[in-house]
Amino acid sequence: MKLLKKKMYIVLLSIPLVMLSLVGCGEKVSQNEMNQVDYAKESNWLALPEDANAHDVDVFYVYPTIYQGDGLQDISDPEQVEASQVPLRTQASVFADSANIYAPMYRQVGKDGFNNTENLDSFLQVAEENVKDAFLYYLENYNNGKPFIIAGHSQGSSTLISLLTKIWGTTGAEDRMIATYIIGFSVTESDIEANPKIRMCENPTDIGCFISYNSLKDGLQSESVQILEGAIVTNPLSWESSREDGIVVPASENKGSVFFSEEGYSPTLYKNFTSAQIKDHGLVCEPADLSILSSYPIEGIYHPDDYSLFYENIKENIAVRINAYFN
């Protein structure tokens with residue numbers, strides 16, 4: 001996997017994403033910001049595989065909110081490129097043993113940009129159009145008929161579900177999609193009603209389906225801006241999805257949580273670190289050691305660690321679904 005730079009400290013902060021799936025016609029941003037990104041240029045990709053044939057499967061990954069300012073991320077800024085590489089190490093690395101990683105830079109909305117109500121709709125439109133252009137370019141120029149996975153986190157996931165609700169079923173590549181991991185945001189009943197081609201995964205070997213969950217302490221579901229009304233949740237310890245409350249899957253089923261240094265290095269494995277239960281449209285967790293978790297403005301919402309808490313189970317499940325696809 002080609003990485004453009006190394007090392008930068010990043011803290012994932014709370015992002016008001018409640019309306020992120022809605023893209024409207026707010027006041028226009030500058031024409032320069034509206035210009036399309038040329039994804040034929042490698043410099044506009046955060047990650048491309050050094051050997052596109054290293055694996056028989058690809059993953060198209062969209063990173064979470066990195067830019068902390070107002071407006072849109074400057075994807076030509078070396079510091080922003082460096083910062084965006086942190087989730088490649090802490091999240092997208094879970095796919096590295098099974099898939100070739102393709103990750104576009106995109107002009108995501110900055111953390112402070114979500115408070116810019118005058119321009120927010122236009123900002124969201126730019127971010128989504130970037131991801132759409134990158135995804136279609138990937139399918140047309142890089143995929144070469146391979147089966148693939150789609151994955152994101154936080155704003156990456158919210159942008160993906162907003163986009164896929166509109167275009168899924170029209171790309172011609174739907175039968176090659178192994179699974180879509182919408183982690184750190186919601187897939188809702190209204191999303192599925194809007195596009196019946198979207199369906200949730202029912203078991204660990206199900207393919208062509210969607211996965212979604214938001215990790216937290218019980219009682220904070222209403223405080224999470226990532227949990228939307230009608231959210232359908234996948235339990236990453238059983239890989240069953242439900243609109244209703246589920247059983248507690250014990251920590252003994254957790255094959256390993258993996259936590260990293262602030263810059264995304266030095267992974268440390270903790271076996272049987274947390275249980276998981278679908279409850280009130282969230283994924284209730286009981287981590288063994290809260291001091292290990294990433295900081296977050298609302299204590300008890302484990303949003304920055306959605307991947308880390310279930311890292312080894314996700315890693316295993318990717319391989320299981322790939323095997324199911326080919327067999």
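- Here the straight-line distance linking atom CD1 of Ile75 with atom CG of Asn44 works out to 4.5 Å at 0.5 Å rounding.
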Exercise. Report the C-alpha distance between Ser266 and Phe260 in whole Å, list the side-chain angles of each, state the deciding distance to 0.1 Å, and finish with yes or no for side chain to side chain contact (heavy atoms under 4.5 Å, CB included).
Key: CA-CA 5 Å; Ser266 305; Phe260 299 80; over 6 Å; no
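- Between Tyr102 and Tyr138, the ring planes are tilted. Angles from 30° to 60° get that label.
- By the 4.5 Å heavy-atom criterion applied to side chains, Val131 and Leu160 are counted as neighbours.
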Quiz item: Run the side chain to side chain contact (heavy atoms under 4.5 Å, CB included) check on Ser257 and Glu312 step by step: do they pass?
Solution: CA-CA 6 Å; Ser257 302; Glu312 290 297 320; over 6 Å; no
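- In terms of modelled atom types and a separation under 3.5 Å, the side chain of Ser308 and the main chain of Val258 share a donor-acceptor contact.
- Judged by distance alone, the side chains of Gln91 and Tyr61 do bring a donor and an acceptor atom under 3.5 Å apart.
- Put simply, the side chain of Tyr39 never gets that close to the backbone of Glu42: no donor and acceptor are under 3.5 Å apart.
- Nearest heavy atoms, Gly113 versus Leu120: O-CD1, 3.8 Å.
- A salt bridge links Glu189 to Arg243: at least one charged side-chain nitrogen sits closer than 4.0 Å to a carboxylate oxygen.
- Remark: the Ser190 side chain and the Thr188 side chain contain an N/O donor-acceptor pair separated by less than 3.5 Å.
- Pro104 is listed as a side-chain neighbour of Phe60, based on a closest heavy-atom distance under 4.5 Å.
- For the pair Thr165 (side chain) and Ile161 (backbone), a donor-acceptor distance under 3.5 Å is present.
- Inspection of the Tyr181 and Asn317 side chains reveals an N or O donor paired with an N or O acceptor under 3.5 Å.
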Practice problem: Kindly indicate, with the supporting measurements, whether the criterion salt bridge (Lys or Arg N to Asp or Glu O under 4.0 Å) is fulfilled by Lys166 and Glu128. | Solution: CA-CA 11 Å; Lys166 299 178 179 74; Glu128 185 174 317; 3.0 Å; yes
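- Annotation: the span from Glu50 atom CD to Asn100 atom CG amounts to 11.0 Å, rounded to 0.5 Å.
- Side-chain atoms of Glu244 and Ser242 include no donor-acceptor pair closer than 3.5 Å.
- Pairs passing the salt bridge (Lys or Arg N to Asp or Glu O under 4.0 Å) check and including a residue from residues 269-290, sequence neighbours excluded, read Asp218-Lys279.
- Nearest heavy atom pair, residue Val59 against residue Ala151, reads CG2-CB, 4.2 Å.
- Side-chain contact between Tyr270 and Pro287 is absent, with no heavy atoms from C-beta onward closer than 4.5 Å.
- The aromatic rings of Phe135 and Phe148 lie perpendicular to each other, with more than 60° between the two planes, well past the 30° mark.
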Exercise. Start with the C-alpha distance between Thr171 and Glu174, add both sets of side-chain angles, then the distance that settles side-chain hydrogen bond (donor to acceptor under 3.5 Å, both in side chains), and finish with yes or no.
Key: CA-CA 7 Å; Thr171 70; Glu174 282 73 13; 2.8 Å; yes
Exercise. Verify ring pair (Phe, Tyr, Trp, His ring centres under 6.0 Å) between Trp45 and Tyr142, making sure each step is shown before the conclusion.
Key: CA-CA 12 Å; Trp45 290 85; Tyr142 286 136; 5.5 Å; yes
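- The aromatic rings of Phe210 and Trp168 sit perpendicular, their planes meeting at an angle over 60°, well past the 30° parallel limit.
- A donor-acceptor contact shorter than 3.5 Å is absent between the side chain of Ser98 and the backbone of Phe95.
- Put simply, Val248 and Val233 are part of two different groups of oily side chains (I, L, V, M, F, W, Y) that touch within less than 4.5 Å, one to the next.
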Practice problem: Determine, step by step, whether Thr65 and Val109 satisfy the side chain to side chain contact (heavy atoms under 4.5 Å, CB included) criterion, reporting the C-alpha distance in whole Å, the side-chain angles of both residues, the deciding distance to 0.1 Å, and the verdict. | Solution: CA-CA 7 Å; Thr65 301; Val109 184; over 6 Å; no
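- Glu118 places no side-chain N or O within 3.5 Å of a backbone atom of Asn116 that could act as its donor or acceptor partner.
- With ring centers used as reference points, Phe259 lies under 6.0 Å from Phe273.
- Side-chain polar atoms of Ser84 and Gln73 form a donor-acceptor pair below 3.5 angstrom.
- Linking ILVMFWY residues whenever their side-chain heavy atoms come closer than 4.5 Å, directly or via other members, leaves Val94 and Val320 in distinct clusters.
- Among all heavy-atom pairs drawn from Asn235 and Ile278, the shortest one is N-CD1, 3.9 Å.
- Atom CD1 of Ile211 and atom CE of Met200 lie 7.5 Å apart (nearest 0.5 Å).
- Listed here is the closest heavy atom pair of Glu263 and Val86: O-CG2, 3.9 Å.
- Taking CD from Gln125 and CG from Asn130, the interatomic distance works out to 11.0 Å, rounded to the nearest 0.5 Å.
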Practice problem: Just do the ring pair (Phe, Tyr, Trp, His ring centres under 6.0 Å) check on Tyr63 and Tyr106 with the steps written out, would you? | Solution: CA-CA 9 Å; Tyr63 57 90; Tyr106 71 108; 4.8 Å; yes
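- In this structure, the separation between CD1 on Ile178 and CD1 on Ile322 is 5.0 Å, given to the nearest 0.5 Å.
- Side chain of Thr234 to backbone of Pro236: no donor-acceptor contact under 3.5 angstrom is found.
- Contact detail for Arg321 and Pro204: the closest heavy-atom pair is CG-O, 3.3 Å.
- Using a distance-only test at 3.5 Å, with no hydrogens or angles considered, no donor-acceptor pair links the side chain of Asn323 to the main chain of Ala319.
- Side chain of Asn313 to main chain of Glu253: a donor-acceptor pair is present (N/O by atom type, distance under 3.5 Å, no hydrogens or angles).
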Quiz item: For Ser154 and His303, what are the C-alpha separation, side-chain angles and deciding distance, and is it a side-chain hydrogen bond (donor to acceptor under 3.5 Å, both in side chains)?
Solution: CA-CA 8 Å; Ser154 194; His303 181 64; 2.8 Å; yes
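- Ile227 places a side-chain heavy atom less than 4.5 Å from the side chain of Leu216.
- At least one donor-acceptor pair under 3.5 Å links the side chain of Gln277 to the backbone N or O of Gly246.
- A 4.5 Å side-chain heavy-atom check between Thr268 and Ile292 finds every atom pair outside the cut-off.
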Quiz item: So Val57 and Tyr325, side chain to side chain contact (heavy atoms under 4.5 Å, CB included) or not? Walk me through it.
Solution: CA-CA 10 Å; Val57 172; Tyr325 178 90; over 6 Å; no
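- With no hydrogens or angles considered, no side-chain donor-acceptor pair links Asn272 and Ser252 at under 3.5 Å.
- Among residues at least two apart or in separate chains, side-chain hydrogen bond (donor to acceptor under 3.5 Å, both in side chains) pairs with a member in residues 198-217 are Arg199-Asp206, Asn203-Thr205, Ser215-Asp306.
- Using a 4.0 Å cut-off between charged side-chain N and carboxylate O, Lys146 and Asp56 make no salt bridge.
- Once rounded to the nearest 0.5 Å, the distance linking CD1 of Ile207 with CD1 of Ile149 reads 11.0 Å.
- Asp191 places no side-chain N or O within donor-acceptor distance of the main-chain N or O of Val187, the cut-off being under 3.5 Å.
- Between Pro304 and Ser295 the shortest heavy-atom distance is CG-O, 3.8 Å.
- When the side chain to side chain donor-acceptor pair (under 3.5 Å) test is applied to Tyr302, no partner is found at least two apart in sequence or on another chain.
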